[in-house]
Amino acid sequence: MSAIQTQPAILAEEPPVSLWRDAWYRLKRNRLAIFGLLIVALLAFTALFGPYLTPYDFLSQDLAARNQAPSLAHLFGTDDLGRDVFSRVVYGTRTAFLVAVVVTTIALVIGTALGAIAGFFGNPFDRVIMWLTDVTMSVPNLLLVVVINASLKTPIAQWMEARYLATLNPFYRETVWIDFLLVFGSMALISWPPYARLVRAQVLSIRSRPYITAAQALGLSNRIILMRYVVPNALGPLIVAVSAGLGTAMVLESAFSFLGVGVNPPTPSWGNMISDGLRVWQHYPHLLAAPAAVLGLASVAFSFLGDGLNDALNPRGSK
Amino acid sequence: MTKTGNRLLDVKGLTIEIETRNGSAVVVDGIDLHVDKGETLGVVGESGCGKSLTMLSLMRLLPNKIRVAKGEAHFDGRDLQRMSNRELRKVRGGDIGFVFQDPMTSLNPVMRIGDQLAEPLIYHRGMGRQEARKRAVELLRLVGIPGPEERIQAYPHELSGGMRQRVMIAIGLACEPKLLIADEPTTALDVTIQAQIVDLVKDLREKLGMSVVWITHDLALIAGLVDRVVVLYAGTVVEDAPVDALYANPRHPYTRGLLASIPKLSDQPTSRLNSIGGTPPEPGRRPQGCPFAPRCPLAMDICRTHVPKLEPVAAAGHHRAACFAVEKAQEAA
Amino acid sequence: MLRYIATRFAIWIPSVLLVMMAVYALAFYGAGDPIKLIFLRAPGDVAYNPERIEAIRESAGLNKPFFEQFGYYVWNLLQGKFGNSLSSGRSVWAMIKAAAPVSFKLALCSIILTAVIAIPLGMIAALNQNRRLDYVILGSALFLWAIPAYVAGPLLMVGLIVLLPGVNVPYGWGGVFDIRILLPLIVLSFQPIALIIRQTRAAVIEVLSEDFVRTARAKGVPEIVVALKHILRPVLTPVVTQLGLIMITIVNGAIFVELVFGFPGLGRLTVKALTNSDYPVILAITLIGSFLVMISNLLVDILYPLLDPRAADLKRSR
Amino acid sequence: MGAQPLLKIENLVKHFHVRLGAFGERAATVHALDDVSLDIAEGETLSLVGESGCGKSTTGFTILNLHRATSGKVLYKGQDLTALDEKRMRPFRRDLQIVFQDPYSTLNPRMTVGEAIGEPILFHKLATKAELEGKVAALLTDVGLPPRFASRYPHELSGGQRQRVVIARALACQPKFIVCDEAISALDVSIQAQIINLLLDLQEKYGLTYLFIAHDLAVVRHISTRVGVMYLGRLAELGSRDELFQSPLHPYTKALLSAVPETDPALERNRQRQVLQGDVPSPLAPPSGCRFHTRCPIAMEVCRHKVPRWKEARPGHLVACHAVNGE
């Protein structure tokens, strides 16, 4: 009888540790992940404030200083039109981040919505949505984007030109946006299925956890169960997927630009710079090396960060 | 004390540490333990007391991040901790058989049980496939599996939990080991199946004459099965006694509490059970002094500052306990 | 199982139709007038005569509504007619027949190379978890993963020329047993290898913590047998699955590798067709690519339960 | 027992539909619960015991509408709960609560103890935000935990502490009836006794009614008013605690009792135990007639074909066995 009054052994007074904080501890100890995080932060900073950092305009040509090797004046040298490669790489970072962030956001929104619908409402939604993801994932995605870009560029450009001639609104002359629009659209179209699958799997797995049954037994409404029980627990894997997705999107963008169907010159993109550099690499290797190295670095950084986040947020074995 | 010549297993000062974020924590703290030839020893304790780790450490089967910090373990006169990997492999499954808690996860799901049973025979006895197969059928029959000729072709998921545990026991016994270590072999099973397994091991022990170490959290389960009981608490041995003495006259307050908190069919049903308050300390947060002191109803000042040694209890034969209050405990009894 | 395969096919046919229709629609609405394109590309200055164009269009059935044309295309396809290339006028089927074997052989070699290299490396990494060897293997895998084929290819070519002067630039196709395939194959396999190393490692680490591995060790089974029989076998199921799903990475990569190393495969055909807006060719290639990926997915789906004896009894509640 | 039971369960049936085979090509039915009827009186503790797969947990889940009943009725205060959809069930959820076996997995790992306990209070508007902290502290004290635990996360607690939190969360709704689904099975022996005593204290304090689901007969004997024994989805025997333990009628009950080990070495060594042979058959294909006939030591020919009637052998003591003569 008296046993109930006995206080449990007192835990040493430490601040409570939430799983998020626990994950941060683990991430901090992972040197590769921190390296990735630093590089990603640096690139993000460059993308945001690049224009204020670069010594030259990315378009300004200096025909007197063409194809210069790297020097103090031109950190990464100059290209065949005498443009500063460093400035172009910095602007390329901007392009890469813009594409990566916008594409990932669109894909995440589409994927999360469809995945959640499939997971929560089950058949027939589930079957149709999963069929759609299967189909989308089975088309070689590079090919599809290339086809979309190649097919729609001309008609859209023609339409824009017609609008400009009709209205003389200078907005319609800004063809840069066609590039971006097409890149965003087509890439988002192929990027959403992994998010949809992940979200669906998370919903299904979390839904079968006992704490959801417990919440139902407490009589909580579906909305509260979704917001307070499902979402916070699904967030970990989603964060990992987004981090990996940003890296993949960057690499994809450069791949398309490399093939000439993504962001077109003169807007600088790592991909089109690599493509340009490839033509003259025997003579001016720096034109290839600079954008390729930065692209590689960005990609490595994102995969280190993604892996670190995965280990930190979804630890195996340690409960 | 028993003569050393009769000792099969002798563990001295075994200390096991676990790596945590804040350095290493002691989970098993200088355990002394022995098993005589032909003896059945029960090792009892709650989860986290280090009973399984102790046995796994003997065979160097500890999971990652857990290691033996010090101590020695002699098996048949040879030091297990200093053995080469090759020698140790001969002991594993050859001289010492293991039966684990969960037969579902302890058997390889993608291998036929006949092949799993044949492995120790092939690697220890040098049997050929045919011979090993024949012996596997015999072993399955020995552990009471009906239709052993067909069953060796089965995959583990095709058997029931009780049958799987019988297969595990057959694997443990395959090479007629001198010692069988059973780590909570019935915890994952139903009550009626649990009774079957206990009876089976009792039977086999008599037939084969080996020593058995039965690890469990259930004092009632082993009462009719073992010769001697070692009670562990928070990584230390708190009591070591012949089975009758232990149940009739437990000396350590923890053993008393544990025995008292087990509901029995034979007493008058009372609505309240006797219980021990509090919870066992986590590894790394063990209190100074006797680890049981914070939960002990008899705790004195000395218990909070000094660690009691495992010492013979006055005039009680091989009965040993680690408690400053043993005398007091006797009065209270 | 036959019924299962049949149902899979039943789902698969509308999938292919959807893909075909999407690509066909892009060509139909996006590419502009195919007849005009032919004229614009025609050598010399063929007189641009709107009436003549209309006549050709009429005779080719190109003024019909979208679905009618699409149906016509599918009908032809079913008879094995892929149509003719807009730019060269050659039969698309002949072009593909010439190019496909190159790509297929390359892809097959890449999958084999990946399996042979990545599975052992992933296993070694996992068995040395959190030791230096693990970090080296995992680090290299992450590194390989990060380098796109169109960067790795040229860089390796530069490296080869600089390091081994006198060596010819490995350019062009000479069959599977030609030394020139080596570099492109390696470049193409970078990403798949990285992926499979990581997957194998993760799977092995998971199996390592399983109780039955401890049982095997407690039986006194030699370490090498534990690794090959008890650990590798259950790991193979998910990894083989992954090998099938990796096809898409290889199809993507092949486009660049063939371009960089001058292989007369489907990848180069794609790029050429794209620059020429040669839609019959693009359609056919997209179809073949999707077909390949879907077939490998189907294979994986069928293989998976066969590889895992447990799956045969696994309850699947719907 | 009162004239009006708190809960009346009539002919409850629960089947699960599953797909078997590598490609899910075979449909099958799990007969989890077949034709179970019982009453639970206010303030009593009714225990259900049996081996895994006997349907004892399914009974608890189906009563609370966490599993939809295939057929049959669950009457609470005259209302058939099985007929209610989730929304209309909600007000009843406050009265009917559940404590699960594994306290760790039933707590949301991202929520503190205080949030977990506070959630149902706020949702059911049982207190204002301002009163919440005091309310949570009171509940924690009720289950023997210091109020400062409110800011801790489940992974920082021990198993017994977590189970106390789960109990506090169930109490937060001010329930009348609690299903304890193997609530102590995952805990250590010394902690089990603590939790049982806690449950008994709370019953006294708040006048709770329990459906106590367990596999340990010895534990059940200490806390039950009445005990039901289940086998493969059916009730085998139901009676008051003393009746059932002192004069069990069903051979399965006898076997279960005989399998319980005692803490007396001399007794255990010499005891002639009646150990059941074989395994529990699969609920996918339960045996015909009496489901226990495949393992029953006294099975007769009739047991194979005919389902034994659920009859009152003695006043208040019901049994389903051909070998037991009714009345």
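Here is how names work: the chains are called A, B, and so on, in the same order as the sequence lines, proteins then strands, and each is numbered from 1.
Between D134(C) and R201(C) there is a salt bridge, with a side-chain nitrogen of the basic residue lying less than 4.0 Å from a carboxylate oxygen of the acidic one. Salt bridge status for E138(B) with R135(B): present, with a side-chain N to carboxylate O gap under 4.0 Å. A salt bridge does not link E158(B) with R151(B): none of the charged nitrogens is closer than 4.0 Å to a carboxylate oxygen.
Contact count versus chain C (heavy atoms, under 4.5 Å) is highest, among E119(B), M59(B), M168(B), H124(B), for E119(B).
The aromatic rings of Y155(B) and H157(B) lie parallel to each other, their planes meeting at an angle below 30°, with 60° marking the opposite boundary.
In the displayed structure, R233(C) atom CZ is contacted under 6.0 Å by more than 12 heavy atoms of other residues, nucleotides or ligands.
The backbone N or O of T215(C) sits nowhere less than 3.5 Å from a side-chain atom of S106(B) that would complete a donor-acceptor pair.
When heavy atoms are compared at a cutoff of 4.5 Å, I171(B) approaches chain C solely by way of its side chain, counted from C-beta outward. For a residue to count as touching a neighbouring chain, one of its non-hydrogen atoms must lie under 4.5 Å from one of that chain's; by this rule Q116(B) touches chain C with backbone and side chain alike. With a threshold of 4.5 angstrom between heavy atoms, I122(B) does not approach chain C through any atom at all. Heavy atoms of V225(C) lying under 4.5 Å from chain B belong exclusively to its side chain.
Side-chain contact annotation: T105(B) with E210(C), donor-acceptor N/O pair under 3.5 Å absent.
Residues of residues 72-87 of chain B lying within less than 4.5 angstrom of chain C, judged on heavy atoms, are absent.
Counting heavy atoms from C-beta outward, V198(B) and W214(B) have side chains that approach closer than 4.5 Å.
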